[in-house]
Amino acid sequence: MAENLVIVESPAKASTIEKFLGKDYIVKSSYGHIRDLDKKNLGIDILQEYSPQYIIPEDKTKVVAELKKLSKNAKTVWLASDEDREGEAIAWHLFEVLGLKQEKTKRIVFNEITKNAILNAINKPRDIDINLVNAQQARRILDRLVGFEISPVLWKKVRPSLSAGRVQSVAVRLIVEREREINAFKSTTSFKVSGHFIIDEKKVKLLSELENKIDTKELTLNFLKKCTGAKYTVSGIITKPSKKSAAPPFTTSTLQQEASRKLSFSVAQTMAIAQRLYEAGKITYMRTDSVNLSETAINAAKNVILKSFGEKYSYPRQYKTKTKGAQEAHEAIRPTYLDNSEIEGSNQEQRLYELIWKRTVASQMTDAILEKTTVAIDISTTVEKFIATGEVLKFDGFLKIYIESTDDESEDNNERLLPPLTIGQELTLDYIRATQRFTHHAPRYTEASLVKKLEELGIGRPSTYAPTISTVQQRGYVLKEDREGIERVCQDFLFKNDVISEKVLKENTGAEKAKLFPSDIGLIVNDFLISHFKEILDYNFTANVEKEFDEIAMGNVVWYKMIDKFYKPFHETVQETTEKSERNVGERILGKDPVSGKPLLVRIGRFGPMAQIGESTDEEKPRFAGLLKGQSIETINFEDALALFSLPRVIGIFENTAISAGVGRFGPYLKHDNKYYSIKPSEDNPLTINLERAVEVIGLKRTEQENKVLKSFKEDSEIMVLNGRFGAYIHYKKNNFKIPKTKNPETLTFEDCKEIISKTPASVKGKKPVRRKKNSA
DNA sequence: CAGTGAGCGAGCTTCCGCTTGACTT
């Protein structure tokens, strides 16, 4: 039996470390926290100085039992959880739960997994820092109080099963406020004027732009008229050196952003793939806020760069984190072995690995040296000037392997090469073009840009970014959606051979892909929380309490006194809100129904957002109509709301039977001959769809249905082989059966099917999936 | 699968941060 038991947080880490240490050491993992507040109730004794009631969750009992057994037999137990607030608490919980003795317990920390770092740590053990543990307990208890006291208020005042919390509610607020900013945004237009010149007998072209955009069509035309018969002369050339530096190595947040922009991965996808790479020993830990690289990694990167690119490209350095509240218990995310620029694995794993490899190596490479040239072109007939800009890459440096992407979709970049020019040179005008431009509203958040914003505000941790994003979507506060753009016309003028011609161009604007939108319930909950719990929804709330947690960690403040100071007024607000505030359904009265004269209003109903004619208190029952996808209680206008009541409407006659369009529980549909045909909100609108298109939709659905049946049998018409979303399967008496991978669905015989049906266990056959009613509305 | 939105009451929902596997369809 080994004399030493080392406990770390992650099993992959445990097996790596076990290799570094000799036979006298056994290394095990706690799999994160081993104890937590009871889930079933508050788990805090408010009257006993907020004393927490910890329990060991069911899925942790096995680990705890094993660690207990091993620790009994060990001479020394080394608590090697992470070097941050949570890690310190994990060490303390282990100490308490395993019933360890002070004399035989040692607390060690290291923030890189190298043999040296670990041996050094073992030579410098310390005791558990109880102040730091208390800071964690305060954090845990504050979060529980906020979450478990506010959520029930929402159940009463808005809808059951909703939730609120220090992190998620602020995430929703960001999205709500951005959406309102966008709704209030008024686009202004101007004209971008570009001058196109020919140099060197038509061979080389030069593109330039007028110094300033012109505000109106009139002024633009004036300018173009002024250019009649003008001469164009190069009046100035300025060349300036500039440089670009490599970005620091990846943290969780920057990896999520780059994987989103470069590989179109969702935040959850990135983390799942990174987890696999980590478990396979290909990369370092993927939940980190540190940009730090180990000495070994820096040297390895240096060697790779020297070997592949030469000395001019090597610039070893350590980056400093600028992130608010970073705890830096781990290294940056990097390849474990920098020699491997590629790995085996799934396509996604390879692409993510390659991204990490390039970013890490680039971070140790020299700056790129650029030369920016600005050329001024005078117009003889007016004071305005054309400006041509060009950029020449003098030395590529880190750009050889990595270019960081950005969020803003700027229209054009100036990275053009300019032809050789001299001052005084006269240029031949090819044409001038003036195009109408529109200002853009702030972009909607993507999952990754929301994580970036949360990190900037110091809200949430690397381990919670992905879960938070999924929670706000699961609660129905936020929808990740694509939106079709709308067409808009823009004017375009061409000035060539002193003649102005006009064109009207069409462009698509406002199209969105995988962007975050607030739902109606998100808007209502957000407004409710801001009006009653302003302090907690404040963007600085986390930063403020973090300062107090730091005071606790330094031993300057007693943790439960800090909690008490927060809780007393908070709890009073909770009670007051419960007693006094109205039920909130986000009701808006839009006007009067022209037919009945009764009020037309929109609100949240039992099944989501809806429009209503007449009050619920009226003798006559009100009329109801659900809102369509993409419509919102907050922005829908009177006409659109009224139009909803024209459904279901008859579109026309097809095959001697009427086709009608409507909206039901599962969205918009067509009904024909008692059969329903779903229509996609992104393609058709039940209010405007015409007969021709409706017949087309029905036809498509019919052929799809025909293709669905792969096989049917004469022996028993109830057994069929069908083609489904997950491939072929057998359908029999309302039950579905999986076809074993060893069988080819095309060649299945009637006997084969019967055998598969009879061999499928009854428990699986009869069981219907338990549908959790969570995402309705 | 499809146009609901009543009302009663029991029982349940919920937080943030550490960690990995189970789970079918």
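Treat the numbers as computed from the prediction; the structure is a model and nothing was measured. Labels below follow one simple rule: chain letters A, B, ... track the order of the sequence lines, proteins then strands, and each chain is numbered from 1.
Residue R159(A) places no side-chain N or O under 4.0 Å from the OP1 or OP2 atom of dT13(B). For the OP1/OP2 pair of dA2(B) and a distance below 4.0 Å, the side-chain nitrogens and oxygens of K671(A) include no atom meeting the criterion. Look at Q168(A) and you'll find a side-chain N or O under 4.0 angstrom from OP1 or OP2 of dC15(B). Contact check, R166(A) against dG17(B): a side-chain N or O comes under 4.0 Å of OP1 or OP2. Note on Y677(A): every side-chain N or O is 4.0 Å or more away from OP1 and OP2 of dA2(B). Considering only side-chain N and O atoms, Q136(A) lies nowhere under 4.0 angstrom from the phosphate OP1 or OP2 of dG17(B). T464(A) has no side-chain polar atom (N or O) that falls below the 4.0 Å cut-off from OP1 or OP2 of dC16(B). OP1 or OP2 of dC18(B) sits under 4.0 Å from a side-chain N or O of S463(A). For dG21(B), neither phosphate oxygen OP1 nor OP2 lies less than 4.0 angstrom from any side-chain nitrogen or oxygen of R276(A). For R35(A) and dT19(B), the shortest distance from a side-chain N or O to OP1 or OP2 is not below 4.0 Å. For dT20(B), one of the phosphate oxygens OP1 or OP2 lies less than 4.0 angstrom from a side-chain nitrogen or oxygen of S10(A). A sub-4.0 Å separation between OP1 or OP2 of dT19(B) and a side-chain N or O of R287(A) is present.
Base contact: S678(A) has a heavy atom under 4.0 Å from a base atom.
Picking from dC15(B), dT4(B), dT20(B) the nucleotide with the shortest atom distance to the side chain of S151(A) gives dC15(B). Closest contact between the side chain of Y669(A) and the listed nucleotides dG3(B), dT14(B), dT20(B) involves dG3(B). Taking only side-chain atoms of P160(A), from C-beta outward, the nucleotide of dT13(B), dC15(B), dG5(B) with the closest atom is dT13(B). When distances run from any side-chain atom of M286(A) to the nucleotides dC15(B), dC18(B), dT20(B), the shortest one goes to dT20(B). You'll find that the side chain of R139(A) is closest to dG17(B), out of dT14(B), dG5(B), dG17(B). Taking every side-chain heavy atom of H33(A) into account, dC18(B) is the closest of dT20(B), dT14(B), dC18(B). Closest to the side chain of L647(A), out of dG21(B), dG3(B), dT14(B), is dG3(B).
Judged by distance alone with a 3.5 Å cut-off, a donor-acceptor contact links the side chain of S161(A) to the base of dT13(B). Side chain R461(A) to base dC18(B): no donor-acceptor pair is found below 3.5 Å.
The aromatic rings of H93(A) and Y54(A) sit perpendicular, their planes meeting at an angle over 60°, well past the 30° parallel limit.
Between A661(A) and V167(A), the residue anchored closer to the 5' end of DNA chain B is A661(A), taking for each the nucleotide with the nearest heavy atom. A residue-by-residue look at D82(A) and D36(A) shows that D36(A) has its nearest nucleotide of DNA chain B further toward the 5' end.
Between S71(A) and the options V77(A), L94(A), V97(A), a side chain to side chain contact (heavy atoms under 4.5 Å, CB included) holds for only V77(A).
Residue ring and base: F148(A) counts as stacked with dT14(B) (centre distance below 5.5 Å, interplanar angle below 30°). Per the stacking criterion (ring centres < 5.5 Å, plane angle < 30°), Y676(A) does not stack onto the base of dC1(B).
Within the 4.5 Å cutoff, the side chain of Y677(A) has heavy atoms near those of the R702(A) side chain.
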